[in-house]
Amino acid sequence: MSKYPFTDIEQRWQAFWEEHQTFRVTEDPTVPKEKRRYILDMFPYPSAAGLHVGHPEGYTATDIYCRFLRMRGYAVLHPMGFDSFGLAAETYAIQKGTHPRTTTEANIDQFRRQIKSLGFSYDWSREVSTHKADYYRWTQWIFLKLHERGLAYVAEVPVWYCEALGTVLANEEVLTTPDGPRSERGNHRVERRPLRQWMLKITEYADRLLEGLEGLDWPESIKAMQRNWIGRSEGANVTFPLADESGSVEVFTTRPDTLFGATYMVLAPEHPLVERITTPEQRAAVNAYRERTNLKSDLERTELSKEKSGVATGAVAINPVNGHKIPVWISDYILISYGTGAIMAVPGHDERDFEFATQFGLPIVRVVAPDDDPDNATELTEAMSAYGVSVNSGRFSGLPTAEAKQKITEWLESKGIGSKAVNYKLRDWIFARQRYWGEPIPVVECDGEYVPIPVDQLPVLLPEVESYKPTGTGESPLAGVEEWVRAECPDGSGRVGRRETSTMPQWAGSCWYYLRYLDPHNEHEFASRDKIDYWMPVDLYVGGAEHAVLHLLYARFWHKVLFDIGAVTTDEPFLRLVNQGMILGEGGVKMSKSLGNVINPDDIVAEFGADSMRMYEMFMGPLEVAKPWSTNGLAGVHRFLDRVYRLSQTDIVDGEPPIELQRLLHKTIRKVTDDTDSLAFNTAISQMMIYVNELYKADALYRALWEPFVLLLSPYAPHLGEQLWVDLGHEPSVSKQSWPEYDPALTVDDEVTIVLQVNGKVRSKLTAATGTSAQELERLALADDRIIEWTTGKQVVKIVAVPDKLVNVVVR
RNA sequence: GCCGGCGUGGCGAAACUGGUAGACGCGCCAGACUCAAAAUCUGGUGGUGGCGACACCGUGUCGGUUCAAGUCCGACCGCCGGUACCA
């Protein structure tokens, strides 16, 4: 393979950009708001493995788009930074004793070098790292704001604890696997433990997080995942009195219309009422069952066998709508954490209740009949969960489901035994980790009271420790630093308190980094209001779909809180979201160390150059879809750039180029402009290839054809672009030039090929002047030899003529 | 099961509001250059049949709408991602 001097070219221009601060951007008030764009990449976690080929995919896409926008006169904010707190550095520290800061910062240096080697146009003066004190100071500040608003609290809750990681994990960080619940990071076994934890009241924002999705230009799949995660469902809470008048059981149901079909009740085994209502005869069985449930942890409980289990408590409740006495059971298919931890069981119309009732011989009653068969009173052989018409429901019989729900709820309300209710799957966010390498939670515990540290005393610095090992007692390694833990109570009482030793989860830093980029060196505020107004919200956010729920939901939550305290002026941070597709290994399998098919960007840059790497990743296919890597494909793109370079080495002539090439140029400008604007980089590149192929066939290289092309190419292959621009005798930088305009008149040919069809099949073609009328085309078609051949002896039924496209003759 | 997405040559993929299916690239074939090879340049390349002009078939499957369907509608099949006893 021939090689144009890409290494020299790339090094030269990277040095130039660095020296001239080419991509530094400031807040110029003369630029109107509509001419400003904030284009954001998801910042990386700087792992020891270095950059992966997946990183440059999104980064290249935004880089091309930013360079394009700048050339079209936009002020563009395009920063980069590092999500640098997290478990990997700490795990390494535990093994080797190296300070996490040391490894993290070495990794950051490596990442920065690798990212720079690809020629991205970031404003590096805005770089942030979440582990730096001047950054996490403001993470702590936001935490205090949350606390001030009552959105941060301490609770003893059963939390996921991971022995191997030595920390608790958020619900979202725990995966359900065939081997039971596992940590998302490292796939370790986790178990429930009741522990005192800092929590964030994200549930208070559930509705707003749900509604906010409406106006966002995000992939439908991500919105669906967030909706599903929030899991809002509407229904009613209903109170069932106990038959012995000793109390009542409250349940949540989405189907109050099926109340007449409730033939028994089920409580979660952990439900506090179980203790009290269990009859002496059932106590032994109930205790045994509760113990078994506990031991099963959530492993078999959720995963194994759809088979239901359960035990009767011996208690009896009364169905408030019909006075029927119904038994109260416990079963592990009822989760304590959802709704009221208790249900009314309607086996006729709920699949799970049906299975349970079948297994234990409980009565099954039909209270809903299908719409198209409202008199149906047959016995149910399976649960009917579809809507229909109420039957066997007293005075509510005959009502369609939606109406029955409403009427019965109203009736319950009037009797004071029920009310409309909304439930969410979303739980409050467990916000503490028993780890060293994270932001200290800025609170001191004084005699059982949690006193926040005043904002003017921030940051609470992470102290040096002897050992990074978790204590195993569920406490952070920070608990061992006595002189740090002992602290004066910030309330001025003179009491001696104990610092909070948990740190924040890794998500904390990434919840607001896009705001710090706006004003990264501000020592007085997390970002100045002027700068927030100048740039926010983020116009385009590009990153992997793996952050669909966690990062994107948490960041939206924090942003809404900041909005509520008046710190930001928009209530959604990211207007448009694009997920780049995964880059797979050659052959379409996942890239992984164990398969040995991992591509290292450094190797590609060394062998083919950064411009080839960038352009290949964009040429592979649409940005959003998963695509397999192909070294041959990469070589093809490299060959293209090599052809471009060799073309530039020929003599350039002035003068008027042939009209056909001018037309192709203008079509190319149009296509590349439109496609770059819509992030369809693959087709923009193919148009550039078509253009270069034609230039190769021309007798000479005309300046008027070459200069605009260099401009079009420059966002894609910025190093080569700069070089070709100066080779044309211009001053750098090409990135400061205006994007070429096309002449619409030159994007249309004066002649077009018209397809001639008979009964929809192409039988001939002809060339006609652009804009030839339908009547004229019809006449020409009927005079065509081949059309005559295909139509003689047949009756012409109809002729459809579409100008500049085709003529279809329909015959019988 | 449910939610979201995707099925087009040997491969990655194009195809604007329905209007020449397969642009561009890879691979392959041929020619030019060369003592030769590589590199490079030029041309060809969906399948089947035919010496050929051509003909027929072809966008996961089946059916529908239309002069015309990869594109619209209905049913189904397959793959990928997410989620799962959430009452």
Side-chain angles (χ1 to χ4, degrees), chain A residues 1-3 175-176 219-225 227-229 231-233 235 251-255 258 266 268 301-303 305-306 308 331-335 337-346 349-353 355-356 385 423-427 545-546 548-549 579 581-582 586-588 616 619-622 624-637 639-640 642-643 646 671 674 680 682-693 696-697 753-765 786 797-802 804-811:
Chain A
M1 173 148 307
S2 110
K3 292 213 196 308
L175 304 175
T176 310
E220 206 40 56
S221 59
I222 302 285
K223 290 205 220 179
M225 279 187 231
R227 283 193 195 106
N228 185 48
W229 192 264
R232 182 191 151 98
S233 54
V251 301
F252 171 72
T253 177
T254 55
R255 293 294 299 274
T258 61
V266 193
R301 193 167 164 177
T302 53
E303 202 48 43
S305 73
K306 286 280 153 193
K308 298 286 183 285
S331 172
D332 60 13
Y333 84 93
I334 303 308
L335 308 174
S337 53
Y338 185 80
T340 62
I343 61 149
M344 61 175 206
V346 184
H349 304 281
D350 182 281
E351 214 174 296
R352 299 151 298 180
D353 297 345
E355 281 171 30
F356 191 85
S385 51
N423 256 291
Y424 301 92
K425 279 204 276 184
L426 184 69
R427 303 266 72 91
E546 64 274 19
V549 176
N579 294 123
M582 212 183 337
E586 220 145 340
Y616 172 60
F619 185 64
M620 292 168 86
E624 301 85 348
V625 309
K627 312 160 273 271
W629 182 266
S630 156
T631 300
N632 279 336
L634 170 69
V637 171
R639 191 172 301 139
F640 165 70
D642 193 51
R643 274 162 70 81
R646 278 185 284 118
K671 179 88 177 140
D674 293 350
N682 53 334
T683 47
I685 293 169
S686 92
Q687 183 64 39
M688 290 193 259
M689 289 173 167
I690 292 169
Y691 185 66
V692 168
N693 288 346
Y696 258 77
K697 293 172 197 161
T753 302
I754 304 293
V755 171
L756 304 182
Q757 299 179 330
V758 176
N759 285 350
K761 288 187 189 252
V762 180
R763 296 302 181 192
S764 185
K765 290 172 190 181
R786 298 258 310 135
V797 178
K798 187 176 183 179
I799 299 176
V800 181
V802 181
D804 300 340
K805 292 279 186 204
L806 53 55
V807 179
N808 187 10
V809 182
V810 186
V811 296

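Below, all heavy atoms of this structure are taken into account, side chains as well, without hydrogens, waters or symmetry copies. Naming convention: chains lettered A, B, ... in sequence-line order (proteins, then strands); numbering from 1 in each chain.
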Whole-Å [atom1] distance, [N] and [M]:
N: B:C41; M: B:C26; atom1: P; result: 10 Å
N: B:A53; M: B:C72; atom1: P; result: 36 Å
N: B:G9; M: B:G46; atom1: P; result: 13 Å
N: B:U59; M: B:C2; atom1: P; result: 29 Å
N: B:G64; M: B:A84; atom1: C1'; result: 36 Å
N: B:A55; M: B:G1; atom1: P; result: 47 Å
N: B:U71; M: B:G7; atom1: C1'; result: 14 Å
N: B:U42; M: B:C24; atom1: P; result: 13 Å

Any side-chain heavy-atom pair of [X] and [Y] under 4.5 Å:
X: A:Y338; Y: A:K425; result: yes
X: A:D353; Y: A:I343; result: yes
X: A:T631; Y: A:Y616; result: no

How close or far is atom [atom2] of [N] from atom [atom1] of [X], stated in whole angstroms?
X: A:N759; N: B:A69; atom1: CG; atom2: P; answer: 11 Å
X: A:F619; N: B:A13; atom1: CZ; atom2: P; answer: 11 Å
X: A:D804; N: B:U20; atom1: CG; atom2: P; answer: 13 Å
X: A:K765; N: B:C54; atom1: NZ; atom2: C1'; answer: 14 Å
X: A:I685; N: B:G12; atom1: CD1; atom2: P; answer: 18 Å
X: A:Y333; N: B:A84; atom1: OH; atom2: P; answer: 19 Å
X: A:D642; N: B:G25; atom1: CG; atom2: P; answer: 15 Å
X: A:W229; N: B:G4; atom1: CH2; atom2: P; answer: 18 Å

Dot-bracket encoding of pairs in RNA chain B, which uses [ ] for pseudoknotted crossings and | for another strand, Watson-Crick or G-U under 3.5 angstrom: (((((((..(((......[....)))((((((.......))))))((((....))))..(((((..]....))))))))))))....
Below 4.0 angstrom from OP1 or OP2 of [N], is there any side-chain N or O of [X]?
X: A:R763; N: B:C56; value: yes
X: A:S221; N: B:C3; value: no
X: A:K627; N: B:G25; value: no
X: A:N693; N: B:G25; value: yes
X: A:R646; N: B:C41; value: yes
X: A:R227; N: B:G4; value: no

Which nucleotide in the list [options] gets nearest to the side chain of [X]?
X: A:A224; options: B:G19, B:C3, B:A15; answer: B:C3
X: A:T683; options: B:A15, B:C67, B:A13; answer: B:A15
X: A:Y696; options: B:U42, B:A14, B:C85; answer: B:U42
X: A:P622; options: B:A14, B:U83, B:C24; answer: B:A14
X: A:D350; options: B:A87, B:A13, B:C24; answer: B:A87
X: A:N808; options: B:A13, B:A87, B:C67; answer: B:C67
X: A:R786; options: B:G25, B:C54, B:C85; answer: B:C54

Sugar-phosphate, base or nothing in reach of A:N682, heavy atoms under 4.0 Å: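 Contact class for A:N682: sugar-phosphate only.
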Donor-acceptor contact present, side-chain A:R427 to main-chain A:S337, <3.5 Å: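 Between the backbone of A:S337 and the side chain of A:R427 there is a qualifying donor-acceptor contact (under 3.5 Å).
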Heavy-atom protein contacts under 4.0 Å, nucleotides 43-53 of chain B, coded B base, S sugar-phosphate only, - none: S----------
Glycosidic conformation of B:G7, taking syn as within 90° of 0 and anti otherwise: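 Anti for B:G7; the angle lies over 90° from 0.
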Minimal non-hydrogen separation, A:S385 against A:R255, with atom names: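 For A:S385 and A:R255, the tightest heavy-atom pair comes out as O-NH1, 3.0 Å.
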5' precedence on RNA chain B between A:K798 and A:G633 (nearest-nucleotide basis):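 Checking each residue's closest nucleotide, the 5'-ward one belongs to A:G633.
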